[in-house]
K.L.:
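Take a look at the following structure, please.
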Protein chains: 2
Amino acid sequence: MGGYTGKVLRINLTEGKISTEPLNKELAKNYISGRGLAGKMFADEVPADVDALSPENKLFIASGALTGTNAPTSGRYMVVTKSPLNGVIASSNSGGQWGAHLKFAGYDMVILEGKAARPVYISISDDSVEIKDAAHVWGKDVYATTDILKQEFGDDKVKVLSIGPAGEKLSLISAVMNDLYRAAGRSGVGAVMGSKNVKAVLVRGTGKVENANADEMKNVLSATMAKLKENGVTGQGLPTYGTAVLVNIINESGIYPVNNFQESYDPDADLISGETMTANHLIKKDPCYRCPIACGRYSKWKGGEGAGPEYETVWVFGSNSGIHDFDAIHKANDLCNKYGLDTISVGATIAAGMELVQKGYIKQEELDGTPLEFGNADGMVEWVRKIAFAEGLGAKMALGSYRLAEIYGAPELSMSVKKLELPAYDPRGVQGQGLQFATSNRGGCHVRGYLISPEVIGMPEKLDRTVIEGKATWVKIFQDLTAVIDSLGLCLFSSFALGLSDYRALVNAVTGFNYTDEELLACGERIWNNERLHNLKVGYTAAEDTLPKRLLNDPIPEGPSKGQTIRLAELLPQYYIERGWSATGVPTPERLSSLGM
Amino acid sequence: MGGYTGKVLRINLTEGKISTEPLNKELAKNYISGRGLAGKMFADEVPADVDALSPENKLFIASGALTGTNAPTSGRYMVVTKSPLNGVIASSNSGGQWGAHLKFAGYDMVILEGKAARPVYISISDDSVEIKDAAHVWGKDVYATTDILKQEFGDDKVKVLSIGPAGEKLSLISAVMNDLYRAAGRSGVGAVMGSKNVKAVLVRGTGKVENANADEMKNVLSATMAKLKENGVTGQGLPTYGTAVLVNIINESGIYPVNNFQESYDPDADLISGETMTANHLIKKDPCYRCPIACGRYSKWKGGEGAGPEYETVWVFGSNSGIHDFDAIHKANDLCNKYGLDTISVGATIAAGMELVQKGYIKQEELDGTPLEFGNADGMVEWVRKIAFAEGLGAKMALGSYRLAEIYGAPELSMSVKKLELPAYDPRGVQGQGLQFATSNRGGCHVRGYLISPEVIGMPEKLDRTVIEGKATWVKIFQDLTAVIDSLGLCLFSSFALGLSDYRALVNAVTGFNYTDEELLACGERIWNNERLHNLKVGYTAAEDTLPKRLLNDPIPEGPSKGQTIRLAELLPQYYIERGWSATGVPTPERLSSLGM
């Protein structure tokens, strides 16, 4: 069985006990690895009703089945745990180098259980694993922590994963960071690590991940690499302009949210587009492990340099906050990386705060003199800092937009689904993506099924974004396929160029599992249903498969998509049928049994 | 005048004096910057007969006119000085990030004069420049030096250029390294820095390089970026496989030297091809400043990870030494970076040593037990180390292949031109490239005119590599255009996709100089003639515009190009005519005057 190391590292922090155990291969065949397998193990091991920030929660840091192999874009790992933001199975996915090195060190995943008595970090050097005191880095930001622990480790090839002050302070929108600038961003996973008193996990691996069938892999590799090169998005748009290449594309479609989704078109969007970033800020590309796309940016801005912001980040600190100061956007992005925060949720919470001020819910005297208003870039940057350190109103904002808006009696101003802040696409103008937002198991999220690809970009084929016919089918397939891609440890962006058969060819060459296309996609469906069952246990019902009121009730007010609305009431029943679920969104025993669940 | 900072930093090491002076703009208009301008200033300031390793020699570390701008591939700088290997104007060119940051700090070039009384390093932080004690890093390798000085500087954004032990020990094949893995490799420039007791130059710049015409630049940028993306080499071959994509291409043409040029085809070359490196060693791409191509590799190998070897390096430690152990090739490459050595000259000197042993010139007892024979990978790696530290026979090898072979009475076994080791193309099978090797002002070098592009790859158009008609014209144009590209601070690889008019558009948008195509190319010709005049003053004559005897006298023995010979005797006179030089290769007063020289 290639690809897998076959070994799981389990660390009980309460007892200070380190152990390894063999990977369950039967389960791996059915749930692949990463998001799928760790999600299944999580559901089996952790009762659904535990408090996410209690020692009873567990944190799985899991590679994918192809992570660390020679497959293209195979650098990803996932943080799987109960989300403190909304109680679902979080599975926050990150790139960079750390994930591959976990495999090189000989582990498919690390499970952190219990809670350390005081701040610690985990040091993994191949077979040698230690729990070490972290008092000297507790309170330090991600950059300083990385620096200090690297030196302490004494080998600059070591890869560092850590939380920042935000995770320590249990912010519900805090991230787990790795390789300085890469984030397992969403669902507040940083706080779970913080709640366990774990500051960082260092990994240095000198081994290699084998392929079951090296000859076959050579052919599959060359075929998939060629597809990635020839595709317009993975071979041209993303490499040249980074993910922010989307700013102009999405804005011109009139589905680019402005001022906390009060509008959906920004006439000044090009001021903060990928093209402008490339012209004025880009220093170099900063690619993940074995990525031929290399969308990562390393930028400079007034007063600093570091990671360049992604599309979502540009949008959320830009147009969605009424801001067109690209230096300020870079700065806000840098602070999120430095303090360990999810850029989407932080920016969306600030934008919600701006609307709460605009509408009079939050009074000026609560702001301690820091402006919180659409268009105020300096204020926005300062609020990022205040959220990280939970200062003043920042302490409430550190709980995310939903709790913030709820505190002020206006939960409808949180542009979120299941308390997770929505990303940069107005669902009213993209029916399939709207359905996906409403049904995504982890809440308002575009990377559980990126329907923008067919509905706006036209890959693998161009769909009419305004119609609902056939969209439920597309959403189900995209959700299941995405679960597969995540669990393989590949980057979702590869799917602009690759399809199910390509992933099947890759996973078979690596693991020797010999899946058919149908069997592989069934793994995705199994993963999706496992997550859904957990959601139901936590108490979510079909009523939460919805969208913020504004998007549900009002048409798009202006711009190229003016007048469009989301037809969720018609889409949802079709989706439940497609999934083989009851009319109330509960997986039927028949469907579960057909999946062997 | 955009692009330029207009400021030159001059450091007299003997007196410890630091000063700045304005850039000579008239000279810049005629010689651009970098290789051209620094070469002209060098020729004006330094008598041709100084000893390269004496305090009277000067070391110019010069950016190009476009270095640090937003032009694609604009990360390069050049080390211009009198070469201790062969006395010519060395102009060793390197990528990475250092060059751009010199511009950000506000300097077009740094001139090091005289000699420090004891080891020092230069620390540049925008306007603040210091000469600091380097006793604690003298003797240390490049990686350790980078690490220690970065910490000392206290800002990890600082960029480090340094020499390794090889430069300190005045090896004539030592390099100046920057950003850990980037080398101003050829002509022994590391020894000049070592002779001045300068270990490193640190630079931290927070400024920005302006474009004279930002609007025009936007258009030029998008046009040139599109060409780079669409071109098969810069958009596909180099990004996917790195420069080692050439291994199979050049080998299949039968012009891939094996065992110190004793053969020209390697049936096992694919074992060490770019395709194989990508499949088995690649971790990620490691791009230079603003490079959309990103051919740089970050690899892992048995026992280590770091920069992956370039095509030339793969060849010289591989087929040219009879070796197909890719781990060993990676290791040898890593040692060269670590100790600050030129991979081509080191590998070629080892291969020459192998043939000297094979033919009985070097006796076994001189080897101190370390095998020096074709195919012995462990021995090869150990000889790299011995060269770096000048141990045993390594001390002789540290002088380069020409002096090594000469010491043993067999200078014809050095595969070099003007004492500089030839790169990985057998000139007998490529007439234009052969003429270029023979006439290159710095000796056996492919990056003073890369005729492989039209003659083998077919860009900008496909030429028959076996004919000589028209080649003199091509060589002159390529040499002059390359001098322009170097002086702009752009990567030569950009020229697979871009032509003279593209460079003219870029330089005009940046500087506002408003060159015509003819004027810009004339700058290249001026630069070439300046270098030629220096060569003549040093004592080189037309007799040295030649090739190693073996290549001149014997046809290619086997493989796809079997029987081919280089027709240099016919090519040279055509070339001199093309250049407007006398029949003995001396620039005529008429031609010089037409160039305003």
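Reminder, nothing fancy here: chain letters follow the sequence lines and each chain counts from 1. What you are looking at is a predicted structure, and each value in this text was computed from that prediction instead of being measured.
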K.L.:
Checking Arg297(A) against chain B: side chain, backbone, both or neither under 4.5 Å from a heavy atom?
P.N.:
neither

K.L.:
Do Thr278(B) and Arg290(A) have side-chain heavy atoms sitting under 4.5 Å apart?
P.N.:
yes

K.L.:
Which answer fits Tyr143(B), side chain, backbone, both or neither, if we ask what part of it has an atom under 4.5 Å from a heavy atom of chain A?
P.N.:
neither

K.L.:
Below 4.5 Å from any heavy atom of chain B, which atoms of Leu282(A) appear? Answer side chain, backbone, both or neither.
P.N.:
both

K.L.:
Less than 4.5 Å apart, any side-chain heavy atom of Glu230(A) and any of Gln236(B)?
P.N.:
yes

K.L.:
Measure from the side-chain N and O atoms of Asn70(B) to the backbone N and O of Asn280(A), and report whether any donor-acceptor pair falls under 3.5 Å.
P.N.:
no

K.L.:
Checking Glu275(B) against chain A: side chain, backbone, both or neither under 4.5 Å from a heavy atom?
P.N.:
neither

K.L.:
Flag yes if more than 12 heavy atoms outside Asp215(A) fall under 6.0 Å of its CG atom; otherwise flag no.
P.N.:
no

K.L.:
So Glu305(A) and His101(B), do their side chains get closer than 4.5 Å, heavy atoms only?
P.N.:
yes

K.L.:
Counting only non-hydrogen atoms closer than 4.5 Å, does Ala100(A) touch chain B with its backbone (N, CA, C, O), its side chain (CB onward), both, or neither?
P.N.:
neither

K.L.:
Compare all side-chain heavy atoms of Lys208(B) with those of Lys302(A) and state whether any distance is below 4.5 angstrom.
P.N.:
no

K.L.:
Less than 4.5 Å apart, side chain to side chain, heavy atoms only: is that true for Lys229(B) and Pro239(A)?
P.N.:
yes

K.L.:
Counting only non-hydrogen atoms closer than 4.5 Å, does Ile283(B) touch chain A with its backbone (N, CA, C, O), its side chain (CB onward), both, or neither?
P.N.:
both

K.L.:
Indicate yes or no for a side-chain donor-acceptor contact from Lys285(A) to the backbone of Pro292(B) under 3.5 Å, with no hydrogens or angles considered.
P.N.:
yes

K.L.:
At their closest point, which heavy atom of Thr240(A) faces which heavy atom of Met225(B), and how far apart are they?
P.N.:
CG2-CE, 3.5 Å

K.L.:
I'd like to know which of His281(A), Gln97(A), Lys218(A) tops the heavy-atom pair count under 4.5 Å against chain B.
P.N.:
Gln97(A)

K.L.:
Tell me whether Lys284(A) contacts the main-chain N or O of Asp286(B) through its side chain, where contact means a donor paired with an acceptor under 3.5 Å.
P.N.:
no

K.L.:
Going by an N to O cut-off under 4.0 Å, is there a salt bridge joining Lys150(A) and Asp156(B)?
P.N.:
no

